[in-house]
Each structure stands twice: as C-alpha cells, then as structure tokens.
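Numbering of ligands and ligand atoms starts at 1, following listing order.
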Amino acid sequence: MSLVVHRARLVTCDPDLGQGPLGVIEPGALVAERTKIVWVGPESELARLGPDAIEVDAGGRAVLPGLVDCHTHLLFAGDRSDEFAARMRGQPYRTGGIRTTVAATRAASDEQLKSLARSRLQRFLAHGVTTVEVKSGYGLDLEQELRLLRLMAELSDAVTVVPTLLGAHVLPDEYHDCPDAYVELVAEHMVPAARGLAEFCDAWCEHGAFTPVQCRRVLRAGLGCGLLPKLHAEQLSRGGGARLAAEVGAVSADHLEHVTPEDAHALAAAGTVAVLMPGASMLTGAPFAPARMLIEHGVRVALSTDCNPGTSFSENLPLQVALGCALLRLTPEEAIAAVTREAAAALRRGQRCGRLRPGLDCDAVVLETKNEVDLAYHYGVNLVATVIKGGEVR
Ligand code: NIG
Ligand code: FE
C-alpha cells in the first residue's frame, strides 16, 4: 500500500535534505510504501502515483517526523498527587516517594497495568509521539521487573515501545540494610534475565539511589548481556554520573541538572547524548540543566517528558519543546531536533525514526499550523492534526 503526503512544509529534521538546520522542503512531499518512506522531495518532482495510493493533502501545513520520547517511566500504578501537593507547599522531592509507586505497581494486575499504560500511550500518540522508551523500575525484584518488561512487549502497537531495564532505580525496602546485595541481584540475575526483553540498561546515580561504583557494576553487566547503557545522572546533586556515563560509553546521560563543563567535555568525547527534562526540573524546583553549555561543548541534546508519577506526570512532549526554549534557552530548531532526530539518537534508532528520510519508518505528524515554531510559541495546546505511524494514518 502506498501513501503520499503532499502540499506540505516538510520539516525532515535532516539538514542534508532541505533548508536550514531542520532540512525544510517547501512545498514538499513524501511517499511511503507499506511502512517505510521511499521518497521525499519538492512537490514539483513528485511522481504520479497509482489510483489506490492513500493521499494526505497537508494544505501547506507543517509535517514533521513522528516525535520520539526517549525517557519515560509510564508503566506504573497508583497515584502520588498528595506528594505533588506537599511539594507545591514547600516540601522537597525525595527519592523515597518511588516506594509508594513500587507498592501500588506490585499490587496491580497485568491487565490493570496494561490498561493504565495504554491510556498513557494513547495520550502520547495524540500529541504526535510515535516512539516511546519505557523503563521498568517500579518492580524492584526479579519477578516484578521481568513482569514489567514482558508487559512492555505487549504494549508496542500504534506507538513503538522501546524497553529499558531500570532495576537499579532505588533500593527496595527489603534490601534496606544491604544495598550491595541488591546491586548483586540486579547485575547477576535481573540483567541476564532481561536479555531479549530490554534494549537498554539504566540506573539512577544519586544520593538516596545508587553510587557510581554500584551503577558501574550494573551497567557493565548490561554491556555483557547486550543491553546498552543509559544513566540517570546529576539530577538532584552532582555525583559523578555523567563521568560514569562517558566512561562506559552510555548511549545517553539523562537529567544533568548539575552537570559541569568538565563533565560535558567527557560526554561530547564519548558521543553520549544528553537527555534533558525541563518538566522534571520545573516540578521538583531543581535548577534547569545547562543546555547551552552542553551544546557549546559539542554534546547532542534531546528533550523528554520523563513521564512518571513522581517528578513529571505528562504525556505532552510538544510542551517540552516550549519549555526547552523558554527554560533551557534552546532555539526552536534545537528544541524540535531534540524531540525528533536527537531523541532517536538517544535510543540508537537514528536509522529507524526521528527524520523524514527514505529508508526510515514512515512515522509523521501533520500539524494544524504552517509553522513548526508554533510548537514552542503557541504553547501548552495540542497542535497535532494527523498522526501517521508505519505508513498508516492513525
Ligand atoms: O526520572 N530520577 C529517577 N526517576 C524518576 C522519578 C521517579 C519517581 O519519583 O517516581 C525521574 O525523575
Ligand atoms: Fe527518569
């Protein structure tokens, strides 16, 4: 089945294909065969298609790659609105709140968890997001973490779910007195069992979570089992996570509110993508990550919702584009690249998604507006008109 999207302001997010840093072709068109893009180019060069091709007339509006959220914790049960309200009254964010979600998640049935996650994925899709990374980390024992990874495999549908093992999220209550025994469980048992279920292995390097030595053990075990490393680093305090991410060649280092220029230098040299989540900083009262400093040091920057019940409960990735501009001082072009091309790089999926380029999956978003900058300028509202996933209009 072929699909053609035409009369578009085609924002390919690939500077090799069009004008400016986002590779704009205007008026432009795109052709897909089944799930893949086979051609993009100027409208004037669009070849005539067979009578059964599905036609999407963009009417001059902006068409972008399907957005990519490269960092979420959306598979959870329970509610922490009380904790949120207390924080808004002045209480600080504490890592211990995660245990509330762990208890609720463990108690929920598979069907309950899937239904909660599906409604969140549906909201992501409605906001133009066609690929979402999902972390475990609210099970925190062997059986429960594997259950979460297995459920993720059942969730990939209209939105592609990319699974990550986050067994080293925080210390579960049962291991209160023996953190190293828990780290051993993660490195020696969870990680090998997650082979084939997870693509990435993540850990939280933080006071109140795990030390760099403990995280190194987990990430190295992941590498031994083919799980690529990611790391929650320098979020609430500076703790050596960014250096560790660079040392192990992590695909991404995430949060980075407290990252330093020396850390940035190491991340750039390692080719580690910085995943920044201004919503999480905003709602924990943390400083904002120094995005400009990272970019000046040559670090690639992605943006994400961090969708989770503790620090940032939102499926609105375009809102992060606006916050990335307003709070992290990204340019609109940088912020849009950060939820497309750069977010795909943070999932090692640059050859699948994040750009409108022949050979990649046909995941695209038609906006209601002719100008992609409206994603930041006309903020907080949903400007998505049509979502195309795998060559199918959703
Ligand atoms: O990314 N930093 C670690 N994990 C989450 C918070 C999870 C929670 O509070 O439930 C985050 O902000
Ligand atoms: Fe997170």
Q: Look only at the side chain of Glu234 and the backbone of Gly241, and say whether a donor-acceptor pair between them is shorter than 3.5 Å.
A: yes
Q: Hydrophobic side-chain clustering at under 4.5 Å (ILVMFWY, transitive links): who's grouped with Val381? Put none if nobody.
A: Leu383
Q: Do Leu330 and Leu276 come close enough that some side-chain heavy atom pair is under 4.5 Å?
A: no
Q: Does some side-chain heavy atom of Leu356 sit less than 4.5 Å from a side-chain heavy atom of Cys13?
A: no
Q: Kindly determine whether Met277 and Gln320 satisfy side chain to side chain contact (heavy atoms under 4.5 Å, CB included), including the steps that lead there.
A: CA-CA 7 Å; Met277 289 158 288; Gln320 304 305 315; 5.5 Å; no
Q: Salt-bridged, Glu199 to Arg352, with N to O below 4.0 Å?
A: no
Q: Return the protein residues near ligand 1 (heavy atom under 4.0 Å from any of its atoms), ordered by chain and residue number.
A: His71, His73, Arg80, Tyr93, Ile98, Tyr138, His169, Trp204, His232, Gln235, His255, Asp306, Asn308, Gly310, Thr311
Q: With the Fe ion (ligand 2) as the point of reference, which N/O/S atom of Asp306 is the closest?
A: OD1
